[in-house]
Engineer: 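Once you've had a glance at the structure underneath, I'll fire off some questions.
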Amino acid sequence: MINLNLPFFSKKGKIKIPFQKELEGFEKIKELMAPPGANFALDYFQIGDIYGRTLLVLEYPSYLIGAWLSKVIILDEPFNLSLFFHPVDTGATLKKLEKQLARIEAQIRETEEKGKVRSPELEVAYKNVEELRDMLVQAEERMLRVSLYITLFANDKKELDLKTKKILKTFESSLISSKQVMFQQKEGFISTLPLCLDEINASYHLNSSTASSFFPFISTDIVDEKGIFMGVNLIDGGVVILDRFKYENPHLLILARSGSGKSYTSKLEIMRSLMMNMEVIVLDPENEYQSICDVYGGSFIPLSLRADYNLNPFDLPSLIENENTYDIFKEHISNLIILIEILIGERLSSEELALIDRALNQTYAAFNILPKKGWEKAEIFPTLNDFEKVLRSTVGGEKIADRLYPYIEGSFSGFLNKQTNVELENRLVVFGLKDLPEVLRSLGMFLALSFIMNKIKRQIKRRLLIIDEAWWIMKQPFGAEFLLNVIKRGRKYQLAVTNITQDVEDFLNSEYGKPIITNSAIIFLMKQSTATADLLKQIFYLSEGEKNFLVQAERGNGILIAGNKRVPLYVLASYAEDQIIKTRTDQLIALEKAKEIGF
Ligand SMILES: Nc1ncnc2c1ncn2[C@@H]1O[C@H](COP(=O)(O)OP(=O)(O)O)[C@@H](O)[C@H]1O
Ligand SMILES: [Mg+2]
C-alpha cells in the first residue's frame, strides 16, 4: 500500500457530528471518526464533503519499462493506491501454455498448408509463449495475477473528473490501459484501504520479472530515531533522517560526478553533527571547509612545504594502561614501512624490508625507545632525518637513504622531517592539503590519516572523519590499502568515515573499491554518467528507473542507500547553512546576516 492519504478524516467546514454521551469506548471513537454519510454512485462516490473515484488497470503492454509506476506516484495529488500480487500455480499455468502453444502451432501449420504468406505475428507469439514456458519449467519465473487500483479524491465532481483524466493519461503514456471502476466503487474504495482486501478481483496475468517493474524504489523510508536530517525524500516529500551508528557499520561512501553536490552534502552533515556533539575531522584537498571551521571555531591546519604545521610520522601513540607495547610498536613500524614505500614510490624487496625494519628499530633505540619497555617517558621522537642517518651508517642502506633525499634536504624537505606541532583537541579539525604540491597530496593525506588514527585510538568516542576526494589517497595502492584498513577498524573506535569520490569508474575498478563498498553500510549515489550508472546498476541492483534518475539527477539529488533501505534524496540546506557553505572566509557580511535570522 503506497502513499495512503485519507483526506476525509480531517473534517473541516460544515459537517458537525452530534456528540453522543451515552456511547462508551470503542463505539464512541467509531462515531467520532466516521464520516456523516457515504454515497456510492455508478462511477464515483462521495464521503462527507469529499468526492472519490477508483480506477483500475485493465491491460499492460508486453514490455514494461522499469519504474513506470513512479510517474504516477510522484503526481502531487492525494490518492490511495494498492497493488495485489496473487501467485498463480505454475502447474496450471504450464498446462494452459501448452494448450496455447498447440493452438498457435496449428494456426501456423494451417497457414502453411493453405499456401498463405507466413505470419510473423504468430511466430513471435509462439516464441514468446515457448520462452515463458521454459522459464517457468526452470523456475526462473513465476506467474502472478496482478491487480492495481487507485482511488482519487477531490473537493467536487469537476475536479474529480479532471484528476481522473490526468491519471488515465499518465497510465496511457506507458501504454497501460486503465479506466474507472463501474458499479463497484464501494469495492474499489475498500480495495484501496490498507486492509489487504481485493474486493474487485480484476487481475492481469504477468510473469514475475515484468511484475518487478512495478516497484519504483525498493524502500521509501529512512527515518532513524536519533539521526541527522539529510534532506527530503523525493517520493513523498517526507524527511530523511539518518543515524549512521545504527547500521552494520557507520561508514558512508558518496559517489558522483564532480559538481553534483558531494562536498555540499558532507558539509551539511558536518554542521549538523557538530550540533549533536560529535567530533569531526576533515581531510580537505581543496581547502574548502575553512569557512565552516571559522564559523564553528574549529582548527584549520593547512599542510604545506612552508611547514608552519608539521606532522611527524615517527610519533608513537601515547599508551594507555595494560596495553601490549610490543604490538603497538610493531603496528607502528609496519605503517612507517608503508610510508617509506610511498616516499620511494615502489614496493620494497624482502631484503630491503628487513634492512629498513632493523634501521627503524635502531633509530628508536637511539632515543631510548624500546618496543618491550614502552615510551611513556619519551619527550621527543626521532624524525625522518634521524632515520636517514641510521640508514646511511647501515651496510646497504645508502641507496635507500639517497632516495629519501628530496624529503630530507631536497625540494620536499620541511614537510615531514620535523617534530609534530599539531593538536586534535578541537571538536572540528580540518587538514587543508591544497597548498601541498600535487605530487605530495596523497602523501599528505596518508600522513594526516595515520596521525588521526594514532590519536583517536587513545580516546574512543563518536567521531566523524570526512575524506573528501578520497581518490587522492586511493591513487596509491599503499594509500588505498591503508584507507581500507581505517574503514575496517573504524567501527571499533566509533569512527564514522565518509569517503567522497568523483572518479567513480576508477574507484569501481580499483582493487580496493569493492571492499570499501562492502564495508560502507551507507552509500549515497548522486549524478552519474551513463557508463558509471550502468556499472552502479549492477553493483547496487538499481532498477532501470533508479539508473535513469542518477543519469538525470540535478545538483543535490541522489539515491541514499542505508542497509537494505533506499530513498531518492534531495539534500536540503537552510538559508543560513547554505550561506556558511558558500561563503569564503573573507565574506563575513553574509554570515552576519545569517546570525541575524538566527541559525
Ligand atoms: N543541495 C544543494 N543545494 C544548493 N546548492 C548546492 C547543493 N549541492 C551543491 N550545491 C552547490 O553546487 C556546487 C557544487 O557542489 P559541490 O558540493 O562542490 O560538488 P562536488 O563536491 O560534487 O564536486 C557548489 O557551488 C555548491 O554550493
Ligand atoms: Mg567536492
Side-chain angles (χ1 to χ4, degrees), residues 224-228 242-253 266 269-284 289 293 296-299 301 311-336 338 371 374-378 381 420 422-431 445-468 470 473 481-499 515-516 518-522 562-563:
D224 299 334
E225 204 179 319
K226 288 185 184 151
I228 282 168
L242 180 74
D243 175 4
R244 291 169 61 157
F245 289 92
K246 215 195 88 180
Y247 296 87
E248 191 187 335
N249 61 61
H251 307 315
L252 164 68
L253 172 65
S266 97
E269 200 196 3
I270 292 174
M271 293 194 268
R272 293 166 185 174
S273 301
L274 287 170
M275 285 197 287
M276 308 281 275
N277 282 329
M278 280 254 276
E279 282 191 8
V280 183
I281 307 164
V282 187
L283 298 188
D284 174 11
Y289 289 74
C293 234
Y296 287 87
S299 327
I301 302 171
L311 296 174
N312 178 11
F314 284 73
D315 283 356
L316 276 155
S318 54
L319 290 165
I320 34 185
E321 249 177 87
N322 299 329
E323 232 175 0
N324 185 335
T325 55
Y326 184 75
D327 286 349
I328 295 181
F329 189 81
K330 232 170 74 182
E331 191 187 329
H332 177 72
I333 295 291
S334 52
N335 283 344
L336 276 180
I338 297 179
W375 46 90
E376 279 104 332
K377 298 213 178 76
F381 292 107
T420 300
V422 169
E423 281 292 342
L424 266 192
E425 301 300 316
N426 197 319
R427 63 184 182 142
L428 173 62
V429 179
V430 178
F431 290 90
M445 271 209 171
F446 175 83
L447 265 186
L449 205 52
S450 8
F451 173 76
I452 293 162
M453 286 313 278
N454 261 350
K455 291 281 175 190
I456 64 158
K457 279 189 238 169
R458 303 298 99 193
Q459 196 193 5
I460 295 176
K461 55 176 137 171
R462 284 194 173 182
R463 291 183 177 93
L464 195 59
L465 169 63
I466 314 287
I467 308 178
D468 205 338
I473 192 163
E481 189 179 336
F482 189 74
L483 178 62
L484 177 61
N485 220 339
V486 168
I487 291 173
K488 280 188 176 163
R489 287 180 309 164
R491 193 171 63 138
K492 194 164 107 198
Y493 304 123
Q494 299 200 29
L495 181 71
V497 184
T498 299
N499 269 298
I516 289 181
T518 337
N519 282 286
S520 305
I522 307 153

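Since we're looking at a predicted model, the values are computed, not measured.
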Engineer: What's the separation between atom CD1 in Ile333 and atom CZ in Phe314, rounded to the nearest 0.5 Å?
Structural biologist: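 With rounding to 0.5 Å, CD1 (Ile333) is 8.0 Å from CZ (Phe314).
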Engineer: With Tyr493, which residues qualify under side chain to side chain donor-acceptor pair (under 3.5 Å), at least two apart?
Structural biologist: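 Expected list: none.
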Engineer: Might you confirm whether atom CD of Gln494 has over 12 heavy atoms from other residues, nucleotides or ligands at distances under 6.0 Å?
Structural biologist: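 Correct, the count exceeds 12.
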Engineer: I'd like to check Met453 versus Asn485 (side-chain heavy atoms, cut-off strictly below 4.5 Å). Are they in contact?
Structural biologist: no
Engineer: So Ile328 and Lys457, do their side chains get closer than 4.5 Å, heavy atoms only?
Structural biologist: no
Engineer: Can you tell me how far CD1 of Ile452 sits from CD1 of Ile281, rounded to the nearest 0.5 angstrom?
Structural biologist: 5.0 Å
Engineer: Please assess Ser450 against Asn335 for the test side chain to side chain donor-acceptor pair (under 3.5 Å), listing each intermediate value before the final yes or no.
Structural biologist: CA-CA 8 Å; Ser450 8; Asn335 283 344; over 6 Å; no
Engineer: Less than 4.0 angstrom from a charged side-chain N to a carboxylate O is my criterion; do Glu331 and Arg489 meet it?
Structural biologist: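 Answer for the salt bridge query: yes.
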Engineer: Quick one: are Ile270 and Tyr296 in side-chain contact, heavy atoms under 4.5 Å?
Structural biologist: no
Engineer: I want to check something: taking the side chain as every heavy atom from C-beta on, are Pro313 and Phe446 in contact at a cut-off of under 4.5 Å?
Structural biologist: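 Contact flag for Pro313/Phe446 side chains = no.
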Engineer: Decide yes or no for Pro317 and Arg458: does some side-chain heavy atom of the first lie under 4.5 Å from some side-chain heavy atom of the second?
Structural biologist: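 They are in contact (side-chain heavy atoms under 4.5 Å apart), so the answer is yes.
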Engineer: In terms of relative ring orientation, are Trp375 and Phe329 parallel, tilted or perpendicular, with 30° and 60° separating the classes?
Structural biologist: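 Tilted.
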Engineer: Just one of Arg427, Arg462, Arg463, Met278 clears the side chain to side chain contact (heavy atoms under 4.5 Å, CB included) bar with Ser273, so which one?
Structural biologist: Met278
Engineer: Report yes or no: does Asp284 contribute a side-chain atom to a donor-acceptor pair with the main-chain N or O of Val430 at less than 3.5 Å?
Structural biologist: no
Engineer: Distance from Arg272 atom CZ to Leu242 atom CG, nearest 0.5 Å?
Structural biologist: 11.5 Å
Engineer: Rounded at 0.5 Å granularity, tell me how far CG in Leu319 sits from OG1 in Thr325.
Structural biologist: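 Reported to 0.5 Å precision, the distance equals 6.5 Å.
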Engineer: Kindly give the heavy-atom pair with the smallest separation between Asn426 and Gly297, and that separation in Å.
Structural biologist: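 Shortest heavy-atom separation between Asn426 and Gly297 comes out as ND2-O, 3.2 Å.
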Engineer: According to side chain to side chain donor-acceptor pair (under 3.5 Å), who are the partners of Asn249, at least two apart in sequence or on a separate chain?
Structural biologist: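 None.
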Engineer: Should Lys226 and Phe245 count as side-chain neighbours, where that means a heavy-atom distance under 4.5 Å?
Structural biologist: no
Engineer: If you define the side chain from C-beta out and look only at heavy atoms, does anything of Leu447 sit under 4.5 Å from Phe431?
Structural biologist: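 Side chain of Leu447 against side chain of Phe431, heavy atoms only: no contact under 4.5 Å found.
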Engineer: Is it true that atom CZ of Arg491 has more than 12 heavy atoms of other residues, nucleotides or ligands lying nearer than 6.0 Å?
Structural biologist: no
Engineer: What are the two closest non-hydrogen atoms of Leu428 and Cys293, and how far apart are they?
Structural biologist: CD2-CA, 3.7 Å
Engineer: Could you check Glu269 against Leu252 for side chain to side chain contact (heavy atoms under 4.5 Å, CB included), going step by step and ending with a plain yes or no?
Structural biologist: CA-CA 11 Å; Glu269 200 196 3; Leu252 164 68; 3.9 Å; yes
Engineer: Identify the heavy atoms of Phe381 and Asn312 that sit nearest to each other, and give their distance.
Structural biologist: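 So the minimum-distance heavy-atom pair works out to O-ND2, 4.0 Å.
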Engineer: Identify the two heavy atoms, one from Asn499 and one from Ala470, that lie closest to each other, and give their separation to 0.1 Å.
Structural biologist: OD1-CB, 3.4 Å
Engineer: Work out which heavy atom in Met445 is nearest to a heavy atom in Asp468; give both atom names and the distance.
Structural biologist: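 That closest heavy-atom pairing would be CE-O, 3.2 Å.
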Engineer: For Leu495 and His251, work out which heavy atoms get closest and say how close.
Structural biologist: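 Here Leu495 and His251 meet closest at O-CE1, 3.1 Å.
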Engineer: State, with a plain yes or no, whether a side-chain heavy atom of Leu283 is found less than 4.5 Å away from one of Ile473.
Structural biologist: no
Engineer: Of Thr498, Leu464, Leu465, which meets side chain to side chain contact (heavy atoms under 4.5 Å, CB included) against Val280?
Structural biologist: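 That would be Leu464; it is the only one of Thr498, Leu464, Leu465 passing the side chain to side chain contact (heavy atoms under 4.5 Å, CB included) with Val280.
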